[in-house]
Amino acid sequence: MLKLHNLSKYFQTDEVETVALNNVNIEIAQGEFVAIMGPSGCGKSTLLNIIGMLDNPSEGQYHFMDDEVAGYSESQLAIIRKQHIGFIFQNFNLIDELTVEENIELALLYHNIPASERKQRVEKVMDKVGIAHRAKHRPGQLSGGQQQRVAVARAVVGDQAMILADEPTGNLDSAHGQEVMEMLKALNAEGTTIVMVTHSPAHADYARRTINLFDGHVVTENVRAA
Amino acid sequence: MFQHYLITAWRNIIKNGLFSGINIFGLAVGFMSCILIMLFVRDETGYDTWIKDSDRVARLHSAYTMPGRPPFLTVRSAGRMMEAIRDYASNEVESGMRLIQWGLTVQQNGEAFPEEMTMVDGSFFDVLDLPFAHGDRSSSFNKPFDLVITEKMANKYFGRTDVIGETLTLCCAAEEPTVMAITGVLKDLPQATHLNVNLLIYLQPALFANNSSVLDTWTSVNVYTYFKLKPTTTIEQLQSRINYWANNESPFVQTIANDIGAMQAGSKVTDVMQHKLMALTDLHLHARKDAGNMGDLSPMGDYKMIVMFVIVASLILLIACINFMNLATARASQRAREVGMRKVLGASRAQVAMQFLSEAVALVLISLLFSLVAVEAFLPLYNELLNRELSLQLFSDPQLLLTLLTGSIIVGIGAGLYPALFLSRFMPAHILTASKGGESRGSTTLRTALVVFQFATSIILVICTVVVYGQTLYANTIDVGYQSDNKLILNVGAANGNLQSLKQELLNLPEVSSVVFSSEAPTQDNENNRQFTLIPQSADANTSEGDAAPIQQILNYYSTDYGFFEAYKITPIAGRVFDEQYGTDKAVQQPDGDNNVGTASVILNESAVRRLGMSNPQTAIGRTLESGIFDNGMHRLHIIGVIPDIYFRSIKFDIRPSVYLLREDHFRAANISFNTNDSPALTSKIEQIWKANVPMQPIHLQFLSEMMAAQYSDDVTTAKMFSTFSLLAIIVACLGLYGLAAFTAERRTKEIGIRKVMGAQISDIVKLLIWQFSKPVLIANIIAWPIAAYAMLSWLQEFPYRLEAIWLLPICVATGLLSLLIAWATVGGNAAKVAKNKPVHALRHE
């Protein structure tokens with residue numbers, strides 16, 4: 001599905017150059033469930049952002065579904081992104097001014113899908129994550145677990161091949177965290193590739209493979225038996 | 001504590017460059033507009049207040065409102081009124097005075113200078129106590145032709161001001177040049193007076209002995225009448241005395257009843273003839289409504305214009321204040337954390353509010369400083385536009401300084417109060433724990449409403465500006481009905497018997513193609529009214545028109561020479577124009593008038609044909625009018641032609657029903673047609689001819705095109721001022737929108753990031769942001785159009801000939817599109833910048 005080769009990312013702030021990722025080589029196959037772990041500041045989120053094409057690498061190559069995308073422009077990336085990748089964030093990143101169903105619909109809005117079909121698909125996915133009864137509410141009126149379910153719904157409503165989850169359970173209590181993990185597991189079982197950043201070893205156990213990062217390097221890769 | 005507020009205020013002003021810049025610029029422009037307009041308004045409203053006892057002086061205006069006729073208004077009054085009212089209301093009136101203005105010539109050292117003479121009663125200085133430089137009021141007017149002049153005149157003719165006992169020779173108040181002794185020198189009058197007096201002559205009723213209609217009259221209005229009231233009397237009291245006198249005791253109670261024949265049972269003199277007092281200090285701004293077409297001693301102010309500009313200036317300041325409110329609340333999330341921390345550390349809400357208020361006031365005071373610099377910079381230009389000498393005397397005028405300081409502190413509190421209350425309301429627990437700022441939906445709605453208000457105001461101003469300009473353009477380019485190019489108008493009133501030789505010499509110039517005389521040239525506006533009677537015609541088989549009784553109408557008449565209509569390329573629509581070959585056209589005074597009836601020809605304009613009740617121009621030809629056009633005797637006037645209605649006067653006035661006569665003794669203007677581009681050479685040749693033919697008289701020579709443009713120069717000034725200030729309003733409003741767009745884009749960074757993660761392209765985001773700011777502009781248009789259209793339609797009502805109402809539609813639509821374009825241009829750059837950001841930056845923003 002994707003292959004990172006000698007990928008590096010630097011951040012330039014004032015006079016200090018910070019290395020966030022240093023010669024990272026990772027390959028992820030279609031249908032995998034990969035967890036990325038590591039201490040704060042090790043480059044997990046940066047890696048996820050680059051995989052998700054929210055950011056460009058400073059050096060190295062990034063093959064995504066047979067395309068070399070490292071040098072793509074922002075608008076080229078936007079097209080690939082909206083076709084193939086769904087996102088789930090630690091802080092949910094829902095738009096406060098939109099209702100639950102409008103937030104979910106957002107993922108279809110930029111895909112040239114007729115309004116009636118959008119409505120159908122949004123309703124279907126709301127049922128799936130059990131948020132249909134809150135369709136007209138705004139994010140501010142929901143609990144954290146409910147908000148994350150909305151975010152999951154938004155990530156999958158477009159039938160994306162890959163979901164990138166950045167500490168999806170970081171802001172949730174353990175019961176709600178569990179719930180979200182079960183949802184991701186079910187999605188993976190249906191064939192969706194999932195790449196997840198997490199601090200929680202228990203949640204990392206849901207993944208088939210765990211990549212450990214430290215100071216921008218991949219230090220270990222553990223593959224769990226199926 | 002206060003020092004702490006000041007330091008935080010200053011650091012915040014420095015830190016938020018865009019925010020401070022927009023606000024300081026906007027408020028400075030607002031203050032500058034207000035100060036400039038305030039200087040103008042102060043000048044306009046201060047007229048004549050410097051005259052001693054000005055609150056006790058009033059002038060008598062006259063209005064004749066005969067049924068079925070347009071009212072005749074004038075700020076003058078009849079010559080006998082002053083004495084009659086002064087003597088009748090002796091308990092109310094302390095003193096009265098009349099004034100006549102007359103163009104005369106001062107002859108000094110073999111040269112001639114045209115001057116306005118002011119002939120006044122001896123009581124002039126009792127009423128208007130003007131300050132003397134030399135001499136005093138008691139020594140001034142003791143014998144006929146005593147002359148009081150201003151320092152300016154003294155310097156002009158003698159090179160010094162101490163000139164009591166010197167003489168000036170004036171021509172020609174009487175038949176011969178008169179030598180007048182100077183008995184007093186007045187200090188130069190300030191610019192802020194309606195009086196336009198430089199040379200005051202002790203009024204000699206004898207001067208007008210052979211022209212009784214000047215002074216010895218109850219109805220002919222030639223003089224300006226002023227009264228000084230006793231200290232205990234109000235103008236209203238004297239006015240009611242005058243009304244009582246007019247209705248019951250005046251000599252014209254019976255005359256009016258007889259003459260006009262319109263007096264029905266129960267009606268009073270004051271129903272048709274009013275003598276109205278106006279306070280001296282009101283004259284400059286309010287005399288216009290009493291002045292009719294004849295004007296005043298000096299150019300009149302326009303109260304409506306003053307009100308209009310005060311409104312415009314206030315709107316600019318208001319728009320700037322709204323910018324401040326909008327930007328301050330939009331920025332709220334940036335400062336929410338600070339507010340939360342301050343409260344956690346023990347600040348009360350009042351203290352936090354106080355801090356934000358002092359920030360607002362500090363910002364406003366900085367803006368005031370900038371605006372004062374701007375006022376100084378733009379005053380020369382402004383004075384040139386207004387033809388004034390306004391100045392900002394900040395330090396010698398503590399009242400002005402105090403007004404500005406209080407005004408700006410009020411503005412600061414006004415603009416800062418809402419943001420201060422809004423920001424100080426934040427609850428620390430909520431702010432410090434919530435991931436987002438304390439932005440509520442209510443404040444967004446309020447901001448949108450304020451933006452709508454700003455844009456609606458700007459759009460209204462733009463529409464008004466375009467319409468005012470359009471009307472001015474229309475007035476300047478309207479087809480006046482005659483050929484006005486390549487014409488010079490020479491005033492020949494002083495040439496007396498020399499007209500024909502003057503004409504011959506002018507015609508000898510190769511550049512001159514024709515010279516024709518007339519009583520007035522186009523744009524010269526004199527009222528020459530006479531009663532004309534259309535002789536009844538027995539029913540005629542051909543025309544089927546016949547009237548039972550004679551039709552009487554008061555009509556205006558002009559005198560024109562042979563060739564006048566040809567020179568102006570005016571073709572008759574019926575009959576013919578004056579032609580020497582017929583030999584019967586000229587109107588001549590009959591020897592021993594009363595018993596002889598003279599005959600002559602007349603030409604009517606279309607309006608006169610209608611006014612006389614005739615159905616079309618053709619039927620008028622051959623009919624006869626009867627009128628006493630000379631002081632004695634009657635004339636039978638055969639209608640030989642009808643010309644179209646031409647705009648002899650400014651289009652601000654209706655076309656008058658007019659009669660054209662050929663009466664040589666009335667000729668005062670030579671209409672010279674020329675065919676050269678070297679007009680300076682031509683005018684200097686004409687000046688030489690004038691000097692040779694009419695020595696010792698100054699020449700009055702003007703291009704007709706310039707005379708016509710002068711009719712609308714006030715409107716051009718108004719239009720220029722209007723457009724300048726509307727432009728400022730729009731700039732300030734756009735700046736506010738720009739700032740708001742910047743802050744909104746910033747506030748929506750997270751949302752934009754999410755949308756981009758969801759696949760939105762840059763163009764989607766730009767569209768989103770642009771649409772967000774298009775909505776208020778569209779709503780503003782919907783509000784602004786009807787208001788602007790209503791305001792402008794009522795303004796246009798003032799003009800009898802005006803821009804078609806339908807023009808408002810394209811003007812509104814174009815302004816609407818323009819406002820959208822401006823909003824897009826303002827917001828677009830910002831939107832694109834934000835939309836181009838990598839989404840990861842946007843999401844990290846949290």
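Numbered from 1 within each chain, the chains take letters A, B, ... in sequence-line order. All values below were derived from every heavy atom in this structure, side-chain atoms included, with hydrogens, water molecules and symmetry-related copies excluded.
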Handout entry: Option passing side chain to side chain contact (heavy atoms under 4.5 Å, CB included) with M758(B) (candidates R154(A), K82(A), R81(A))
Key = R154(A)
Problem - Selection from I80(A), L77(A), I85(A), L94(A) maximising heavy-atom pairs under 4.5 Å formed with chain B - result: L94(A)
Completion exercise
Taken in chain and number order and not counting sequence neighbours, the residues that satisfy side chain to side chain contact (heavy atoms under 4.5 Å, CB included) with N25(A) are H5(A), N6(A)
Practice task
Output all residues satisfying ring pair (Phe, Tyr, Trp, His ring centres under 6.0 Å) with F19(B), sequence neighbours left out; order by chain, then residue number.
Solution key: none
Fill in the blank from the handout: Residue set satisfying ring pair (Phe, Tyr, Trp, His ring centres under 6.0 Å) with H84(A), at least two apart, ordered chain then number -> F64(A)
Problem - Side chain / backbone / both / neither for L109(A) at chain B, heavy atoms under 4.5 Å - result: side chain
Handout entry: Y72(A) atom OH, neighbour heavy-atom count above 12 within 6.0 Å
Key = yes
Problem - Contact residues of residues 98-107 of chain A (partner chain B; heavy-atom separation under 4.5 angstrom) - result: L98(A), L106(A), A107(A)
